[in-house]
Protein chains: 2
Amino acid sequence: MLRNKQAIAEQAKIFKALGHPSRLLMVDALRENERCVCELQALVGDDMSSVSKHLSVLREAGIVSSQKRGTNIYYQLALPCLETFLSCTSEIVKKRILSQVEMLNNR
Amino acid sequence: MLRNKQAIAEQAKIFKALGHPSRLLMVDALRENERCVCELQALVGDDMSSVSKHLSVLREAGIVSSQKRGTNIYYQLALPCLETFLSCTSEIVKKRILSQVEMLNNR
DNA sequence: TTACTATTTGGTAAAATAGTAAAATATAGT
DNA sequence: ACTATATTTTACTATTTTACCAAATAGTAA
C-alpha cells in the first residue's frame with residue numbers, strides 16, 4: 001500500500017524511467033544479460049550521449065546498476081521484480097495489438 | 001520478449017502513464033475498489049480537470065476502464081498484472097527510503 | 001607523454017507534459 | 001424546460017523531457 005508522498009514519488013520515478021521506448025528496450029535486453037554501454041547503444045541506435053543520459057535516468061531510479069571492467073562500463077538490472085511485470089505487460093500489449101489487427105481485417 | 005517497435009511503444013506508454021504521482025496514487029486506490037472520479041479527485045487533491053486528464057492518460061494506456069452509473073463515472077483497474085508489480089516496487093521503495101534514513105542516523 | 005577508446009557532461013532548440021481557468025456535455029431531478 | 005451536479009474538453013502558459021552536437025573525463029595502450 002502506498003502511503004506517504006516520498007514513497008509514491010519514488011515509485012512513480014521507477015515507472016517514469018521505464019516509460020520511454022529506448023530505455024525500455026535497454027532494460028529488456030538487460031533481463032538476459034549484463035551489457036556494456038556500447039552494446040546498448042548498438043541495440044537502440046540512438047547516439048552515444050543519448051544512451052548515456054537514458055542510462056543515468058535508469059540508474060537514478062534504481063532500475064540498473066553499473067560497474068567498470070576494463071575499458072567498458074557494464075550495466076545490469078537491479079530491480080528484481082521487473083521480470084514478471086515486463087513479461088506480463090508485454091503479453092498484454094501483444095494481445096491488444098493482435099486484436100487491433102483482427103478488427104482491421106474484419107472490416 | 002520485446003521485438004517490434006509498436007509493442008515496445010505500447011508497453012512504454014503503460015509505464016509512462018504510471019510515472020506520475022497523482023496517477024499512481026489513483027491507480028493504487030483502484031487496487032482496492034472501483035472509484036468514481038469525484039472520489040479520486042478527493043484522494044489526490046488536484047483540481048477536477050487535472051484528474052480528468054490524468055484519467056484519460058490511464059485510459060489510453062489501457063490501465064483503467066470506466067463505466068457510467070447514475071450521475072457518476074466509475075473507474076476500475078484493467079491491467080491484471082499490476083498488482084504484483086506495484087506491491088513489489090512499493091516494498092523496494094520503502095526499503096530504500098528506510099536505508100536512507102538509517103544512513104542519516106549513523107552519521 | 002601522447003594518442004585512442006569508452007563514456008559522461010553541458011548547451012540548446014524542439015517537442016511533450018502539466019496545471020489551471022473557462023467553456024462544453026451529459027445526466028438527473030424538479 | 002430549467003437547474004444543479006459530474007465529468008470532459010479546450011485554450012493557454014510554464015515546465016520538463018528529448019535529441020543532437022561539441023567538449024570534457026577517465027582509463028588503456030603504445
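Below, read A as the first sequence line, B as the second, and so on, with proteins coming before strands; counting in each chain starts at 1.
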Just distance, no hydrogens or angles: give the donor-acceptor pairs under 3.5 Å from side chains in residues 61-69 of chain B, sequence neighbours left out.
from, atom 1, to, atom 2, distance (Å)
S65(B), OG, Q76(B), OE1, 3.4
R69(B), NH2, E34(B), OE2, 2.5

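Using a 4.0 Å cut-off, no side-chain N or O of Y74(B) falls inside it from OP1 or OP2 of dA6(D).
In this view, S50(A) and D47(A) satisfy the side-chain hydrogen bond (donor to acceptor under 3.5 Å, both in side chains) rule, not counting sequence neighbours. Partners of Y74(B) by ring pair (Phe, Tyr, Trp, His ring centres under 6.0 Å), not counting sequence neighbours: none found.
Residue pairs meeting the salt bridge (Lys or Arg N to Asp or Glu O under 4.0 Å) criterion with at least one partner in residues 7-23 of chain A, sequence neighbours excluded, do not occur; the list is empty. For residues 24-64 of chain A, the ring pair (Phe, Tyr, Trp, His ring centres under 6.0 Å) pairs, not counting sequence neighbours, are H20(A)-H54(A). Within the structure, disulfide (SG to SG under 2.5 Å) contacts touching residues 47-86 of chain B (residues at least two apart or in different chains) are C88(A)-C81(B). A disulfide (SG to SG under 2.5 Å) check over residues 18-69 of chain A, counting only residues at least two apart or in different chains, returns nothing.
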Nucleotide by nucleotide, 5' to 3', does protein get under 4.0 Å of the base (B), only the sugar-phosphate (S), or neither (-) in nucleotides 17-22 of chain C, counting heavy atoms?
-> SSBBBB

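Within residues 33-43 of chain A, no residue is approached by DNA chain D to less than 4.0 Å at the level of any non-hydrogen atom. Looking at residues 59-66 of chain A, you'll see R59(A) sit with a heavy atom under 4.0 Å from some atom of DNA chain C.
Contact check for I14(B) versus F15(A): no side-chain heavy atoms found under the 4.5 Å cut-off. The shortest distance between side-chain heavy atoms of I8(A) and D28(B) does not fall below 4.5 Å. With contacts defined as side-chain heavy-atom distances shorter than 4.5 Å, the pair V51(A)/L55(A) qualifies.
For DNA chain D, runs of at least 3 consecutive pairs of the Watson-Crick or G-U wobble type, with both hydrogen-bonding distances under 3.5 angstrom, map to C:1-30 with D:1-30.
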If you restrict it to nitrogen or oxygen atoms, what contacts under 3.5 Å exist between nucleotides 28-30 of chain C and the protein, and what is each distance?
none

